[in-house]
Amino acid sequence: MTRGTGPTPKISLRNVGKEFTVRPSKEQPEGSTLTALEGITLDVAAGEFITLVGPSGSGKTTLLDLLAGLTRPDTGQVLVDGKEITGPGRDRAVVFQQYALFPWRTAAANVAFGLEGPGSDGRRLSRKERAEKAREYLDLVGLSGFEDRYPHELSGGMKQRVAIARSLAYEPDILLMDEPFAALDAQTREQLQEELLRIWRSTGKTIIFITHGIDEAVYLGQRVAVLSSRPGRLKQVVDIDLGDRSGDGDVRSDAVFVQHRHKVWSLLHEEVRKAQKAGHAKIRPDGSAPDEAPQLGKGQLSKGQLSKERAA
Amino acid sequence: MTAPTLTKATGGAPAAPPAAAIPAAGTGQIPPPRATRRLASLIRAGARTAGRGIWASGAILLFLLLWEFGPTYLASASTRVFLPPLHEVLRALGSLIAKGQLQDHLAASLTRSAIGFGIAVVAAVALGLLVAWYRSLDRFLNPLLEVFRNTAALALLPVFTLLLGIGETSKISIVAYAAFFPVLLNTIAGVRTVDPLLIRAARSLGLSNFRLFQKVILPSAVPTIFTGIRMAGTSSILVLIAAEMVGAKAGLGYLIVNAQSSFLIPDMYAGILTVALLGLLVNYLLVAVERHFSRWRTAVGSQSN
Ligand SMILES: Nc1ncnc2c1ncn2[C@@H]1O[C@H](COP(=O)(O)OP(=O)(O)OP(=O)(O)O)[C@@H](O)[C@H]1O
Ligand SMILES: [Mg+2]
């Protein structure tokens, strides 16, 4: 798999930074800014599977939102196929941790959701074509026969399969996944990891996969990008070479795997310790940090001053 | 399937004694007691259901009995005039139907409430969507809406009558007014409580604002909107009857008041009975509609489809 060195990388992050304005609180009446990401530069080749790890609050979701085009960077550029992205597009699809299925739609109708507008060639699919595609992609994720089930009638693993099918159905080049398997039990997770690899191999998508699991990151990724604790910077990108992973041996207990795993673990551990020292506990699943405001108030310097200082 | 076994089975500790006794008597005898027991439990279940049914309708039956016999045996002669027994009311109802009067009044009331209700639903859903979508519009309108919402519709009845006369317009308007607020408030609440994750998911698929509204926000708000519509249905009937009592030439409210002033007391009760049944029916229908549109919310609802 070639990477970085090709003519134009599929995705190119150039010195990307993102700040948030923190709402005024009791301790911080005038509000302040929080630097979530800083100076991220990374190229991802077409067809590459890259995983992204980092302590909680390091800006992984923020980075994914930027790639999805849901938000714009404050500094730098996000390029896809050499062109700066201006918003969400059909060349990219997002899979969220909490499935984000439309509960009033059946599994098939959920998968067909992205097919309802005009396609990339401006053509609209007929109802029958959409249903056919939905069935095809549900089949791809191993859910044939569940077309007419509503999300509340499906297990967590099945819901996430539907979500993956929905993302794949409108045939994006890039799959952006934000801790997609975090809410699943270990067995289901392993099974879905396997299937994701299979789908990746057969479709050749470029995949950016965020995870908290070091094992998962090493197992899935061709490279593992480690983010530093806040403000999120690219600490290191670890190349993973596990040889041929398509066999059914237990790759995870391989010496090479253990080595890679340890490497990522040490990198991440440093950052987690730093984050803990900074008093940053686990962030809520919605991305909000309950500890944000008091932490700002107690420090001698506010985050706004800090980042200004850093900029100076 | 003999009577003694049956009583034994339905009695205190049914299962053990017959089962233990039968094998000694011979294998050929085994099936009947089993069937008996099954029948017994069936009867018991049936009795339980029937019992529950009787219990559930008991209050109604008691009430109807009281209505039938109370006036004759308990009330004084002067009260009896104003409180005719049930059969007289039913007879009056029958003759009102036979003469076609009840149908006319019912049609008048239904037309008014349907038009008023329809206008209210369309207007309230549209405004609710706007208010929920545009925060600034909400901040601007909210205080005024609060004032009107908390003003009882009936308090404004004289105003409607003064401005719009006692014709159809004023009645339709007051029904629309009364039905407007429950729908409006529930529409706003429904849109506000759309899961932000779903909006993010839809946005990431590149949906325009309009499509987002049509495909995500509206369907997700529909159950809440229908709760508002159900509430509006009840209050619009209430207000309409009152409005028809004040000034009208047709309608159930008019029938009731007119019968009272013409001293046709059984007719009056027939009108009241009709209003009660109409209210029940409308509520039942709206609950069914609401359930239909919320069926994706619960497992139970979806199975009924
Ligand atoms: N809309 C927002 N407004 C203000 N601050 C935000 C916003 N979104 C994220 N942040 C902050 O930016 C930082 C990075 O958040 P982000 O959700 O990207 O972290 P994460 O790496 O995905 O964390 P986790 O692993 O817990 O999901 C956090 O400190 C968070 O509080
Ligand atoms: Mg996150």
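Just so it is clear: chains get the letters A, B, ... in the order the sequence lines come, proteins before strands, and each one is counted from 1. Bear in mind the structure is a predicted one, so any value in this text is a computation, not a measurement.
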> More than 12 heavy atoms of other residues, nucleotides or ligands under 6.0 Å from CD1 of B:Ile60: is that the case?
Replying inline: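 Counting other residues, nucleotides and ligands, CD1 of B:Ile60 stays at 12 neighbours or fewer.
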>> Can you confirm whether more than 12 heavy atoms, excluding those of A:Arg14, are under 6.0 Å from its CZ atom?
In response: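 Count not over threshold, so no.
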>> For A:Leu101, which atoms come within 4.5 Å of any heavy atom of chain B: side chain, backbone, both, or neither?
In response: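 Interface part for A:Leu101: backbone (N, CA, C, O).
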> Measuring heavy-atom distances to chain B, does A:Ala100 have an atom under 4.5 Å in its side chain, in its backbone, in both, or in neither?
Replying inline: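 For A:Ala100, the contact with chain B is made by backbone and side chain together.
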Does any heavy atom of chain A fall under 4.5 Å from the side chain of [X], the backbone, both, or neither of them?
X        : result
B:Arg200 : both
B:Ser208 : neither
B:Val216 : both

Between [atom1] of [X] and [atom2] of [Y], what distance do you get to the nearest 0.5 Å?
X        : Y        : atom1 : atom2 : result
B:Arg211 : A:Phe113 : CZ    : CZ    : 10.0 Å
A:Thr71  : B:Arg203 : OG1   : CZ    : 12.5 Å
B:Leu205 : A:Arg166 : CG    : CZ    : 6.0 Å

How close do [X] and [Y] get, counting heavy atoms only, and between which atoms?
X        : Y        : result
B:Leu198 : A:Pro103 : CD1-CD, 3.9 Å
B:Ser204 : A:Tyr170 : O-OH, 4.1 Å
A:Phe102 : B:Ala202 : CZ-CB, 4.3 Å

